[in-house]
Amino acid sequence: MSGFIDFLLNIYAFLAVAPFITFVVLWFLVYLLLKDKKMATRLTMDLTTVFLIGSVSIMWNQLFHSTFGFWLIVLVLLIAFGMIGGYQTHLKGKTDLLKVSRVVWRITFLGLSAMYIVLFFLNIGKNLIIST
C-alpha cells in the first residue's frame, strides 16, 4: 500500500510543479472526452485548483521559511466560504452550499493563479539575490 501512495504522491508532485502546463494538458484531454469547451474549461479549472493549492503553498513556505502556507490557503477558503455563504443567506434567506462551494473554488483558482505567478517571480528574484 505504501508503494501505491508514493506513486500517487509522485504523480501529484509532477503535475503540481507546473500547474499551467497541467491545465493545458487536462483541458485537451477533457475536451477530447466531452466535446464541450465550456464544460472542459470549468472541469479543468476545478482539477487544476487542487494542484495550485499544493504548488502555491510550497512556494509560500520556501519564500517565507514557514510551514503555514497550506493552512493559510485553507483559512482564506473558509473565510471566503463564510462570507459568500452569509451574503447569499442575506440575499435569498437560505444558503445553497453547492453554489457557494463552486463560487469559492473558482475564485480560488483565479486567486491562486495570480499568487502562483507572483510567488514564482519572487522566488526567482530571491534565488538570484542569494546566489550573487
| said: Using 0.5 Å steps for rounding, measure from the CG atom of Leu63 to the NZ atom of Lys126. | reply: 5.5 Å
| query | Do you know the tightest heavy-atom contact between Leu112 and Thr49? | reply | CD1-O, 4.4 Å
| request: Would you please name every residue forming a side chain to side chain contact (heavy atoms under 4.5 Å, CB included) with Val25, sequence neighbours left out? | output: Ile21, Leu29
| Interatomic distance, Met115 atom CE to Thr108 atom OG1 [nearest 0.5 angstrom] | 12.5 Å
| message | If I take atom CZ from residue Phe70 and atom CG from residue Leu75, how far apart are they, to the nearest 0.5 angstrom? | response | 11.5 Å
| said: For a 4.5 angstrom cut-off between non-hydrogen side-chain atoms, does Met45 reach Phe23? | reply: yes
| Should Leu26 and Phe51 count as side-chain neighbours, where that means a heavy-atom distance under 4.5 Å? | yes
| According to a 4.5 Å side-chain heavy-atom criterion applied to Ile, Leu, Val, Met, Phe, Trp and Tyr, with indirect links allowed, do Leu77 and Ile58 form part of one hydrophobic cluster? | no
| request: Measure from the side-chain N and O atoms of Thr48 to the backbone N and O of Pro19, and report whether any donor-acceptor pair falls under 3.5 Å. | output: no
| Should Val56 and Val74 be regarded as members of a common hydrophobic cluster, given that ILVMFWY residues are connected when their side-chain heavy atoms come within less than 4.5 Å of each other, either directly or indirectly? | yes
| query | Rounded to the nearest 0.5 Å, how far does CZ of Phe68 lie from CG of Asn61? | reply | 10.0 Å
| task | Using a 4.5 Å cut-off on heavy atoms from C-beta on, say whether the side chain of Phe81 contacts that of Leu97. | result | yes
| message | Please tell me whether Leu119 and Trp71 are part of a single hydrophobic cluster in this structure, the criterion being side-chain heavy atoms less than 4.5 Å apart. | response | yes
| task | Nearest 0.5 Å please: distance from the CG atom of Asp46 over to the OG1 atom of Thr41. | result | 11.0 Å
| Do the ring planes of Tyr116 and Phe120 sit parallel (below 30°), tilted (30 to 60°) or perpendicular (above 60°)? | parallel
| message | Is there a continuous path of hydrophobic side-chain contacts, each under 4.5 Å between heavy atoms, that joins Val118 to Leu128? | response | yes
| Side chain to side chain, Ile84 and Lys99, heavy atoms closer than 4.5 Å | no
| task | Taking the side chain as every heavy atom from C-beta outward, state whether Ser113 and Phe109 have any atom pair closer than 4.5 Å. | result | yes
| request: Output yes when a side-chain donor or acceptor of Gln88 lies under 3.5 Å from a complementary backbone atom of Val100, and no otherwise. | output: no
| field | Euclidean distance, Leu47 CG relative to Arg42 CZ, rounded to 0.5 Å | value | 14.5 Å
| field | Heavy atoms of other groups near Phe20 CZ, more than 12 under 6.0 Å | value | yes
| Phe64 atom CZ: more than 12 heavy-atom contacts under 6.0 Å | yes
| request: Answer yes or no: is there a donor N or O on one side and an acceptor on the other, between the side chain of Tyr12 and the main chain of Val50, under 3.5 Å? | output: yes
| field | Same cluster (ILVMFWY, side-chain, under 4.5 Å), Leu78 and Met83 | value | no
